[in-house]
Amino acid sequence: MHMRKALLVLLLLAGPNAARNAAACSCDGVIPPCAAAWRADAVFIGTAVEQIAERVGGNLSWHVTRVSVQQPLRGEPRGSITLVPAVQPSAEQIANSTQHPGPVFSGSSCDYRFEPGRRYVIYATRTADGRWSTTNCSGTKPIEHGAADLE
């Protein structure tokens, strides 16, 4: 029953063009660390501290990850930063979310899923509003898989 309700909410948020606009995240294969570094605005080693729900507008929220930056490798992030999903919800999706009585969560197959307490090599970019973001296609990975990235 919960799956049907979630599907209904997704269709409601997507609107009449859902089938036309739906697409899975697609990466151009494995990105070598050097190429990933030049595509990113910042590269750093950080620990995922927590994931929290953040209201975007209407009844629409998304999950953001607070990260403690231990070692900047390229760029300016220092201290604690918040990573937001790369796919920003549209004004139409935010408006449609008010038709649902409870909170609705936005997400994409491109969103990187962090585990709190785990260390990562993070390739981040700035969003249009100046926040930090990363994706499954950016090169971000758990530090134990990042030996080549750290060389």
Side-chain angles (χ1 to χ4, degrees), residues 1-28 30-31 36 39-146 149:
M1 183 66 179
H2 290 296
M3 185 63 99
R4 282 189 194 158
K5 186 176 179 182
L7 182 58
L8 179 62
V9 169
L10 287 173
L11 289 173
L12 172 72
L13 287 175
N17 296 321
R20 215 175 337 187
N21 295 335
C25 188
S26 175
C27 303
D28 295 334
V30 177
I31 302 171
R39 289 181 186 178
D41 295 319
V43 182
F44 54 93
I45 297 171
T47 300
V49 176
E50 67 179 337
Q51 291 181 329
I52 49 179
E54 180 180 273
R55 185 180 217 117
V56 179
N59 288 337
L60 191 64
S61 296
W62 60 10
H63 288 102
V64 300
T65 304
R66 195 164 54 85
V67 174
S68 172
V69 177
Q70 277 91 43
Q71 183 179 358
L73 302 172
R74 179 172 183 268
E76 64 184 70
R78 304 223 186 289
S80 180
I81 66 167
T82 301
L83 292 167
V84 300
V87 179
Q88 306 282 318
S90 69
E92 181 182 7
Q93 290 171 317
I94 292 170
N96 287 342
S97 74
T98 61
Q99 296 174 13
H100 187 346
V104 178
F105 283 87
S106 172
S108 152
S109 62
C110 289
D111 294 344
Y112 193 91
R113 308 279 190 250
F114 289 94
E115 292 178 39
R118 196 166 186 187
R119 290 182 74 201
Y120 295 87
V121 178
I122 300 171
Y123 293 83
T125 57
R126 286 282 193 184
T127 63
D129 64 358
R131 298 178 81 182
W132 291 104
S133 182
T134 192
T135 69
N136 285 331
C137 299
S138 69
T140 294
K141 62 185 63 74
I143 196 160
E144 62 270 18
H145 300 294
D149 301 74

Please name the residue in the list Ile143, Val67, Asp149 that meets the side-chain contact (heavy atoms from CB on, under 4.5 Å) test with Ile122. Val67

Side-chain donor or acceptor of Arg126 paired with backbone N/O of Ala42 under 3.5 Å: no

side-chain contact (heavy atoms from CB on, under 4.5 Å) evaluation trace for Val121 with Thr140: CA-CA 6 Å; Val121 178; Thr140 294; over 6 Å; no

Check the orientation of Phe105 and His63. Use parallel for under 30°, tilted for 30 to 60°, and perpendicular for over 60°. parallel

If you define the side chain from C-beta out and look only at heavy atoms, does anything of Thr134 sit under 4.5 Å from Tyr112? yes

What closest approach, in Å, do Ala86 and Thr135 show between heavy atoms, and which atom pair accounts for it? CB-CG2, 3.4 Å

Less than 4.5 Å apart, side chain to side chain, heavy atoms only: is that true for Asp41 and Trp132? yes

Kindly compute the distance separating OH (Tyr123) from CZ (Arg74), expressed to the nearest 0.5 Å. 10.5 Å

Less than 4.5 Å apart, side chain to side chain, heavy atoms only: is that true for Leu73 and Gln71? yes

For the side-chain contact (heavy atoms from CB on, under 4.5 Å) test, which of Val104, Val56, Asn96 pairs with Pro89? Val56

Please tell me if the side chains of Val64 and Gln51 come closer than 4.5 Å, counting only heavy atoms from C-beta onward. no

Check: Arg131 and Thr82 side chains under 4.5 Å, non-hydrogen atoms: yes

Apply side-chain contact (heavy atoms from CB on, under 4.5 Å) to Glu76 and Phe44, showing your working. CA-CA 9 Å; Glu76 64 184 70; Phe44 54 93; over 6 Å; no

I need the minimum non-hydrogen distance between Val87 and Ser108, along with the two atoms involved. CG2-OG, 3.6 Å

Between Gln99 and Ser97, do the side chains contain a donor N or O and an acceptor N or O under 3.5 Å apart? no

Testing the basics here: between Tyr120 and Arg113, what is the closest heavy-atom pair and its distance to 0.1 Å? OH-O, 4.3 Å

Can you name the nearest heavy-atom pair linking Ala124 to Ala40, along with the distance? O-CB, 3.5 Å

Does a donor on one side chain and an acceptor on the other come within less than 3.5 Å for Ser80 and Ser68? no

Arg66/Glu54 ion pair, N-O < 4.0 Å: no

Could you tell me whether the side chain of Arg118 reaches within less than 4.5 Å of the side chain of Thr47, counting heavy atoms only? no

Asp111 side-chain N/O to Pro85 backbone N/O, donor-acceptor pair under 3.5 Å: no

Which heavy atom of Thr127 sits nearest a heavy atom of Ser133, and at what distance? CG2-CB, 3.7 Å

For the residue pair Gln93 and Ser106, confirm or rule out a side-chain donor-acceptor distance under 3.5 Å. no

Within the structure provided, determine whether Glu50 and Thr65 are in side-chain contact (heavy-atom separation under 4.5 Å). no

Least distance between heavy atoms, Arg39 atom then Ile31 atom: NH1-CD1, 3.2 Å

